[in-house]
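Indexing begins at 1, ligand by ligand and atom by atom, following the structure's order. Just so it is clear, the structure is predicted and the values come from calculations on it, not from any experiment.
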Amino acid sequence: MKNMLIHGGKKLSGTVVIGGAKNSTVALIPAAILSRTPVTLDSVPVIQDVYNLMAILDEMNVKSTFDDCVLHIDPTQIQNVPLPSGKIKSLRASYYFMGALLGRFGRAVVGLPGGDDIGPRPIDQHIKGFEALGASVTNDHGAIAITAPKEGLHGARIFFDISSVGATINVILAAVTAHGHTVIENAAKEPEIIDLATYLNNMGAVIRGAGTDTIRIEGVTQLAAHNAHTIIPDRIEAGTYLAMAAAVGDGINVKNIISEHLDAFLAKLEEMGVVMDVGEDSIFVYPSGDLKMVQIKTLPYPGFATDLQQPVTPLMLKAHGEGIIIDTLYPKRVRHIPELIRMGADITVENDVIIVHHADHLEGCEVAAEEIRAGACLMTAGLMAEGDTTITKAENILRGYDRVIMKLRGLGADVELVDAAEPEETPMRAEN
Ligand SMILES: CC(=O)N[C@H]1[C@@H](OP(=O)(O)OP(=O)(O)OC[C@H]2O[C@@H](n3ccc(=O)[nH]c3=O)[C@H](O)[C@@H]2O)O[C@H](CO)[C@@H](O)[C@@H]1O
Ligand SMILES: C=C(OP(=O)(O)O)C(=O)O
């Protein structure tokens, strides 16, 4: 277990470079097992989710090496072993091995995934998709067994009841090698889905329409990677640093950004009165003056991302008036609220609506990062606060924030990571 110690109250300045997108990376790694040749990914973020996925690959005799943000994966000696538990529980995206193993071998046994505790996260749409492709799905005490018919998966028309990133990706992974034509309707439109489709198409898949709500897939016999794939920048990491820059910055340049991926978020910052220069692949954030309070409703892409509602909350504490946040994707994603209250924030949750008021100042204290974006929120709050903040359960931040200590220090933050008193169960590798 790790604690993040922040000595707050300092203004930050300089440049921070955004890493590859966590939510692309965690799909692209499982997808690599569809390739009959070794796969290279670059711009890979140094995050614990990557190390955990590498450990799962190792269980399947898929060797990988990760150095200088380049990940080499060799799936040529893969064995289809059941993955009922263990590292599968350490992250959400381990469920992409369901679609990937089904696509590669016609059979997958994968435990129910872990990931952030942000309220109910069912996988009914994933299962509906696999079944539409002809697979049978059983649940043996949390180990999901998915089996294709003898003749293999067949293409199908699938209309998702809700827009789901995970279900869209899982069905793509299974359908790329199914017989015939698959149409996914009400597909999720997140940029990470386009990234996955680009990667698979470069391996020989035929996927059209990624980024729209109708995705068409023509099944091919097999896939093989021939070129390295560069992962898109992480729009959530970018949004986190942009909000932090507006909250505690004295002029911060955030580099390696695709600003179109952040349209809804940037519009909200502008509405608050944050002044920014949006460049080709960077955004400069000026020191903030008076900020206006806003109302935020999270929606699937291109709406305001749920993963950014917590990172932007400390900035809202600086604005005057009453602010509202409604998370329509995860209404119970409020685990940062009691921690912010402990730091002196005037913030409440009523019927799943977060109500934010101006806080004259925050006071450093011990708070817990119960999940990744709650942790991101507390990082910014800790930087804003007077005195020392200790964020416990900081491993939740390391799960998805690329070299966060190094990046914060690069901006002049007084921050460090220390071992917590409890003995560590899993060695953490993504430390800085
Ligand atoms: C690894 C990854 O990419 N994680 C992201 C992904 O999670 P994840 O893929 O798990 O999220 P989904 O897009 O699937 O979830 C969207 C909504 O659909 C619901 N749902 C989903 C699947 C299903 O079978 N049934 C169902 O009801 C969920 O409870 C949620 O309310 O998208 C979320 C929403 O943008 C982000 O917060 C996560 O950071
Ligand atoms: C919810 C998130 O991640 P995951 O889906 O991996 O739990 C997130 O990145 O905010």
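Considering backbone and side-chain atoms alike, Tyr330 places an N or O below 3.5 Å from some N or O of ligand 1. Considering backbone and side-chain N/O atoms, Glu190 never comes within less than 3.5 Å of an N/O atom of ligand 1. Of the N or O atoms in Ala93, none lie within a sub-3.5 Å distance of an N or O in ligand 1. The distance criterion of under 3.5 Å between nitrogen or oxygen atoms is not met by Val26 with respect to ligand 1.
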Are Ile73 and Leu57 close enough, and set up right, to give a side-chain contact (heavy atoms from CB on, under 4.5 Å), and what steps lead you there? CA-CA 9 Å; Ile73 302 171; Leu57 288 177; 3.9 Å; yes
Apply the test side-chain contact (heavy atoms from CB on, under 4.5 Å) to residues Leu28 and Glu192: give CA-CA distance (whole Å), side-chain angles for both, the deciding distance (0.1 Å), then the verdict. CA-CA 9 Å; Leu28 300 177; Glu192 293 74 22; over 6 Å; no
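Every atom of ligand 2 with a heavy atom of Lys22 under 4.0 Å away is listed here by number and element: 2 (C), 3 (O), 4 (P), 6 (O), 8 (C), 9 (O). Short contacts between ligand 1 and Gln125, defined as distances under 4.0 Å to a heavy atom of the residue, involve ligand atoms 23 (C), 24 (O), 25 (N). Counting atoms of ligand 1 from 1 in the listed order, those under 4.0 Å from a heavy atom of Gly166 are 9 (O), 14 (O). Within ligand 1, the atoms closer than 4.0 Å to a non-hydrogen atom of Thr306 are 34 (C), 35 (O), 37 (O), numbered from 1 in the order shown. Applying the 4.0 Å criterion to heavy atoms of Arg92 picks out, from ligand 2, the atoms 4 (P), 5 (O), 6 (O), 7 (O). Contact atoms of ligand 2 toward Arg373: 8 (C), 9 (O), 10 (O) (distance under 4.0 Å to a heavy atom of the residue). Every atom of ligand 2 with a heavy atom of Asp307 under 4.0 Å away is listed here by number and element: 8 (C), 9 (O), 10 (O).
With a heavy-atom cut-off of 4.0 Å, Arg333 touches ligand 2 through its side chain alone. When heavy-atom distances to ligand 1 are checked against a 4.0 Å cut-off, Lys128 has no atom that comes that close, whether in backbone or side chain. Residue contacts with ligand 1, taken as heavy atom pairs separated by less than 4.0 Å, involve Arg92 solely via side-chain atoms from C-beta onward. With a 4.0 Å cut-off on non-hydrogen atoms, Glu371 does not touch ligand 2 at all. When non-hydrogen atoms are compared, ligand 2 lies under 4.0 Å from neither the backbone nor the side chain of Glu237.
Annotation: the span from Thr392 atom OG1 to Met4 atom CE amounts to 11.5 Å, rounded to 0.5 Å. Here Gln222 contributes atom CD and Met203 contributes atom CE; the two are 12.5 Å apart, rounded to the nearest 0.5 Å.
Heavy-atom minimum distance, Pro30 versus Leu53: CG-CD2, 4.2 Å. For Tyr96 against Leu173, the heavy-atom pair with the smallest separation is O-CD1, 3.5 Å. The minimum heavy-atom distance between Ala205 and Val176, with the atom names listed, is CB-CG1, 3.8 Å. Nearest heavy atom pair, residue Pro314 against residue Pro311, reads CD-O, 3.4 Å.
Nearest protein heavy-atom contact of atom 7 (O) of ligand 1 is Arg121 NH2, 3.3 Å. Looking from atom 37 (O) of ligand 1 to the surrounding protein, the closest heavy atom is Asp307 OD1, 2.6 Å. Atom 14 (O) of ligand 1 has as its closest protein heavy atom Ser164 OG, 2.6 Å. Protein heavy atom nearest atom 25 (N) of ligand 1, with residue, atom name and distance: Asp124 OD1, 2.8 Å. Residue, atom and distance of the protein heavy atom nearest to atom 18 (O) of ligand 1 are Ile162 CD1, 3.0 Å. For atom 27 (O) of ligand 1, the nearest non-hydrogen atom of the protein is Pro122 CG, 3.3 Å. Atom 32 (O) of ligand 1 has as its closest protein heavy atom Val165 CG2, 3.6 Å. Looking at atom 8 (P) of ligand 1, its nearest protein heavy atom turns out to be Tyr95 OH, 3.4 Å.
Here the side chain of Gln125 pairs a donor or acceptor atom with the backbone of Asp161 at under 3.5 angstrom. When atom types are taken as modelled, the side chain of Thr168 and the backbone of Ala188 share a donor-acceptor pair closer than 3.5 angstrom.
A 6.0 Å sphere centred on NZ of Lys255 holds no more than 12 heavy atoms belonging to other residues, nucleotides or ligands.
Between Tyr51 and Phe66, the angle of the ring planes lies from 30° to 60°, which puts this pair in the tilted group.
The closest side-chain heavy-atom distance from Asp307 to Asn23 is below 4.5 Å. With a 4.5 Å cut-off on side-chain heavy atoms, Ile127 and Ile146 do not count as touching. Residues Thr177 and Arg104 form no side-chain contact, since every pair of their non-hydrogen atoms from C-beta on lies 4.5 Å or further apart.
Within the structure, ligand 2 has Ile372 among the residues with a heavy atom less than 4.0 angstrom away. Within the structure, ligand 1 has Arg333 among the residues with a heavy atom less than 4.0 angstrom away.
Of the listed residues (Thr168, Leu299, Asn23), the one carrying the non-hydrogen atom nearest atom 3 (O) of ligand 1 is Asn23.
No hydrogens or angles considered: nothing links the side chains of Glu371 and Asn396 as a donor-acceptor pair under 3.5 Å.
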